[in-house]
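Beneath this line is the structure, given in structure tokens, with notes to follow.
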Amino acid sequence: MRLMGLSGWSGAGKTTLIAALIPALRRRGLTVSTIKHAHHAFDVDKPGKDSYIHRESGAQEVLVASAHRFALMHELRGAPEPALADLLKRLTPVDLVIVEGFKSDPHPKIEVHRTATDKDYIYPADPYIRAIATDAPGPFPMQRFDLDDIEGIAEWVIREAVPIEPGGVFAL
């Protein structure tokens, strides 16, 4: 497995880019999984459903399965948030893992930047940002892509993604 991150401020278009990038990578024959960091409380379950009741009753993990998918919900119950390396170990092996968020983690990233957000660039303070996808004109001290250059970004990701070792650790 190999890894590449996407980093950027809210509203920059990270999810939009990932949604376009995944099909481009799959057309090249790659299997792709994603890990998304959320800065807020979130719930994939619905109040009143059996799985929600199981979890709210105190179950540490609830796994919901059907003929189409399964979801594992794990309650931290005060434990520290898991590190990216620990989350990577939980994934079924694929060719490429795209990480959205985890801004402060030391892994190679593409910064997604949109001028309309009126936010500063992240790359000057993050040595792990290796490229930028933006609607701003250059020059930049790294590879620059237009936000809509999905094919170019896909080719770059394939070349630059780093291997993930069996313990969830990745080489830089």
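Below, each value reflects all heavy atoms present in this structure, side chains not excepted, and no hydrogens, waters or symmetry copies. Because the structure is a prediction, the values reported are computed rather than measured.
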*Linked, directly or transitively: Val157 and Leu17 (ILVMFWY side chains, under 4.5 Å)*: yes
*Quick check: does any side chain N or O of Arg144 sit under 3.5 Å from a backbone N or O of Ala136, one acting as donor and the other as acceptor?*
yes
*Could you verify whether a donor N or O on one side chain and an acceptor N or O on the other, from Glu100 and Thr34, lie under 3.5 Å apart?*
no
_With a 4.0 Å cut-off on N to O distance, would you call Lys103 and Glu111 a salt bridge?_
no
*Would you say the side chain of Ile132 lies within less than 4.5 Å of the side chain of Met142, judging by non-hydrogen atoms?*
yes
*Would you find a donor on one side and an acceptor on the other, under 3.5 Å apart, between the side chain of Arg26 and the backbone of Val32?*
no
*asked:* For the CD atom of Gln143 and the CZ atom of Arg159, what is their distance to the nearest 0.5 Å?
replied: 7.0 Å
*Are Leu91 and Ile35 close enough that some pair of their side-chain heavy atoms sits under 4.5 Å apart?*
yes
_Would the distance check show the side chain of Arg77 and the main-chain N or O of Ala59 forming a donor-acceptor pair, the cut-off being under 3.5 Å?_
yes
_Test item: Leu25 and Asp95 side chains (from C-beta on) under 4.5 Å apart, heavy atoms_ = no
*Check whether any side-chain heavy atom of Lys49 sits under 4.5 Å from a side-chain heavy atom of Val64, and report yes or no.*
no
*Evaluate the side-chain proximity of Glu151 to Arg27: yes if any heavy-atom separation is below 4.5 Å, no if none is.*
yes
*Using the side-chain contact (heavy atoms from CB on, under 4.5 Å) rule, pick out the option among Arg55, His74, Met73 that qualifies with Gln60.*
His74
*For the residue pair Asp86 and Pro82, what are the closest heavy atoms and their distance?*
CB-CB, 4.4 Å
_Evaluation steps, side-chain contact (heavy atoms from CB on, under 4.5 Å), between Val94 and Leu30_ = CA-CA 8 Å; Val94 293; Leu30 298 176; over 6 Å; no
*What are the two closest heavy atoms between Phe145 and Ala131, and how far apart are they?*
CE1-CB, 4.1 Å
_Within one Ile-Leu-Val-Met-Phe-Trp-Tyr cluster: Val112 and Trp156, side-chain cutoff 4.5 Å_ = yes
_Within this structure, what is the CG-CD distance for the pair Leu3 and Glu165, rounded to the nearest 0.5 Å?_
11.5 Å
*NZ of Lys119: more than 12 outside heavy atoms within 6.0 angstrom?*
no
*What closest approach, in Å, do His113 and Leu147 show between heavy atoms, and which atom pair accounts for it?*
O-CD1, 4.0 Å
_Between Ile129 and Tyr121, is there a side-chain heavy-atom distance shorter than 4.5 Å?_
no
*asked:* Just verifying a value: how many Å separate Ile18 CD1 and Met4 CE, rounded to the nearest 0.5 Å?
replied: 12.0 Å
_Shortest non-hydrogen contact from Asp105 toward Tyr128_ = O-CD1, 4.4 Å
*Where is the tightest heavy-atom contact between Val97 and Met1, given as atom of each residue plus distance?*
CG2-CE, 4.1 Å
*Can you name the closest pair of heavy atoms from Pro108 and Arg130 and give their distance?*
CB-NH1, 3.8 Å
*Indicate if Ile153 and Leu96 have the same hydrophobic cluster label, given that clusters are the connected sets of ILVMFWY residues with side-chain heavy-atom separations under 4.5 angstrom.*
yes
*Honestly curious: do Ile110 and Phe102 fall in one hydrophobic cluster under the side-chain, below-4.5 Å linking rule?*
no
*Drop me the distance from His107's NE2 to Leu88's CG, to the nearest 0.5 angstrom.*
9.0 Å
*Examine Ile98 and Ile150 and state if one hydrophobic cluster contains both, with Ile, Leu, Val, Met, Phe, Trp and Tyr joined whenever side-chain heavy atoms are less than 4.5 Å apart.*
yes
*Exam field: side chain Trp9 to backbone Asp120, donor-acceptor pair closer than 3.5 Å*: yes
*Are the side chain of Lys14 and the backbone of Gly8 linked by a donor-acceptor contact shorter than 3.5 Å?*
yes
